[in-house]
Amino acid sequence: MPAPVSFRSRYKPDKVVVEDLSIGAEPIPIRVINNYSDEKPNIFNYATSNRFTNDASKMVAPVGDMKACSCHPRSGCLPGECECEDASSLIFDPESRIVGQPIGTSTYNDHHYVECGSHCRCRGKCNRYMSHDYLMKKVEIHYKPNMGFGVIAKQHIAAGMPIINYVGTVVTKEYHDEYRNQLASQTDYIFDNLNEEHSGIAVLTDAAHHGNISRFINHSCDPNTQIVKVYPYIYAHGSEKISLPKIVITASQNIRPGDELFVSYGSSYFHTRNIPCLCYTFCCFVPPFDFEEKAQTEKEAVEERAVRRKAVRENWHNTGDIPSIDPPVFDID
Ligand SMILES: C[S@@+](CC[C@H](N)C(=O)[O-])C[C@H]1O[C@@H](n2cnc3c(N)ncnc32)[C@H](O)[C@@H]1O
């Protein structure tokens, strides 16, 4: 009689290539799984908060310049009474879930939230805050041949819940244009958190060398997360400086363990880089829409990515110091 095959032995365990990507910076370790090769993510500084180039930090208004709410600490900061609440386009329930707004879209420009904090009269005791500097959800980074590394949820995340802040080096657009050429293939991790609609000042968050797991979130034309801009203060009209929002990635639908997190980069991301979108969703809005044609371009894209990764790795081995091409920075948060 053949020996019974145990359920476990039929499945290969995941190959862990990094035990904790955050090297202890996050409360929950982040494993990196690559069942295809020994490749690890390119080297970067894992960080839980933004850092600013000198030019960008001069643009950010000091706390004293910004307005806050004058609610009593026990008032609960209710709509119609709280200035922070009234300045927000989103409403949150007591568990900090987005409610009262059609969710499921990813256009972050329409979604902003002003959270209360220690600078308000309520001292932030009202729980009207949603940006967490640390990762509050269990996730893993998994390698897939078509898109490279991506973020996989390892727990249920309810629709509307914040997941992680997009963290990187904050630079003004002008400054970035200047050093963009040096970075050439490193522009994959730039988030355009343009503040132009408020102040005319354009700011980017670049997570190429400094960032957290949000830099690994891949694109889908049918994403399950959306971006919310969270302002720490009420924007003071007429100010020459900006109130810089935190970029918070929130679940736009219920996410189950094993689901990959996707955000929408917008079609211009793919047009400017001339690469195909490989999300394979039926609502894919990036040409080519033909699956056969896409399969060919996918092969090219995978090859091209392998070449780019190799170049970055070689640069790292030769110079031993990729972060040296980063602009000078200092931390202000
Ligand atoms: C912000 S990075 C995401 C993390 C990346 N996968 C990695 O391994 O570092 C963006 C890059 O991931 C890949 N990518 C993400 N979503 C994709 C998609 N829908 N189709 C094709 N490539 C995608 C592209 O190479 C893109 O430039």
Side-chain angles (χ1 to χ4, degrees), residues 17-18 21-22 30-47 106 108 139-153 163-169 180 183-193 204-225 227 247 249 259-291 293-313 315-316 322:
V17 289
V18 180
L21 186 73
S22 80
I30 303 157
R31 296 197 313 168
V32 182
I33 310 288
N34 188 344
N35 293 328
Y36 296 87
S37 70
D38 292 331
E39 188 178 332
K40 298 174 185 175
N42 293 329
I43 292 161
F44 70 101
N45 299 325
Y46 196 98
S106 59
Y108 61 89
V139 297
E140 276 178 358
I141 308 293
H142 282 225
Y143 179 83
K144 283 197 307 186
N146 62 345
M147 292 188 197
F149 290 95
V151 183
I152 308 288
I163 301 172
I164 186 85
N165 294 355
Y166 195 88
V167 159
T169 304
R180 189 187 285 260
L183 296 174
S185 61
Q186 292 287 311
T187 53
D188 283 2
Y189 302 97
I190 290 167
F191 188 94
D192 279 21
N193 44 335
L204 307 172
T205 304
D206 182 353
H209 304 307
H210 178 95
N212 61 13
I213 59 120
S214 59
R215 72 197 284 286
F216 290 105
I217 301 181
N218 287 320
H219 160 94
S220 169
C221 297
D222 185 16
N224 52 8
T225 68
I227 305 293
I247 309 300
I249 297 166
D259 287 354
E260 178 163 356
L261 304 185
F262 287 111
V263 72
S264 173
Y265 298 174
S267 55
S268 63
Y269 182 92
F270 294 92
H271 293 150
T272 50
R273 287 164 179 77
N274 199 19
I275 57 170
C277 169
L278 305 174
C279 74
Y280 290 103
T281 55
F282 283 104
C283 57
C284 183
F285 51 72
V286 184
F289 301 112
D290 182 327
F291 275 39
E293 194 184 333
K294 213 168 222 180
Q296 286 174 20
T297 43
E298 173 173 6
K299 198 165 161 266
E300 281 163 25
V302 170
E303 283 165 5
E304 200 230 319
R305 263 200 295 282
V307 171
R308 276 194 285 160
R309 284 225 165 78
K310 195 160 166 263
V312 172
R313 260 202 311 276
N315 188 23
W316 171 263
I322 286 180

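First listed ligand is number 1; within each ligand, the first listed atom is number 1. Every value quoted in this text rests on a predicted model; they were computed, and no experiment measured them.
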Contact with ligand 1 for Tyr265, non-hydrogen, under 4.0 angstrom: yes
Arg215 to ligand 1: N or O pair under 3.5 Å? no
Donor-acceptor check, side chain of Thr225 to backbone of Phe262, threshold 3.5 angstrom: yes or no? yes
Is there any N or O on Met147 that sits under 3.5 Å from an N or O of ligand 1? yes
Near His219, which atoms of ligand 1 are under 4.0 Å from a heavy atom of that residue? 15 (C), 16 (N), 18 (C), 19 (N)
Side-chain donor or acceptor of Asn224 paired with backbone N/O of Glu260 under 3.5 Å: yes
By number and element, which atoms of ligand 1 are closer than 4.0 Å to a non-hydrogen atom of Cys277? 19 (N), 20 (N)
May I ask you to identify, for Pro276, whether its side chain, its backbone, both or neither come under 4.0 Å of ligand 1 on a heavy-atom basis? backbone
Would you say Asp206's side chain and Gly168's backbone share a donor-acceptor pair under 3.5 angstrom? no
Would one find an N or O of Ser220, backbone or side chain, under 3.5 Å from an N or O of ligand 1? no
Would you mind listing which atoms of ligand 1 come within a distance below 4.0 Å of any non-hydrogen atom of Phe149? 4 (C), 5 (C), 6 (N), 7 (C), 8 (O)
Counting heavy atoms only, which of Phe191, Tyr143, Tyr269 comes nearest to atom 27 (O) of ligand 1? Tyr269
With a 4.5 Å limit on heavy-atom distance, are the side chains of Tyr143 and Val17 in contact? no
Qualifying residues under side chain to side chain donor-acceptor pair (under 3.5 Å), relative to Asp222, sequence neighbours excluded: none
Which residues satisfy the salt bridge (Lys or Arg N to Asp or Glu O under 4.0 Å) test with Glu140, sequence neighbours excluded? Arg31, Lys154
Pair Phe216 and Phe44, ring centroids less than 6.0 Å apart: yes
Regarding ligand 1, does Leu278 bring an N or O atom to under 3.5 Å of one of the ligand's N or O atoms? yes
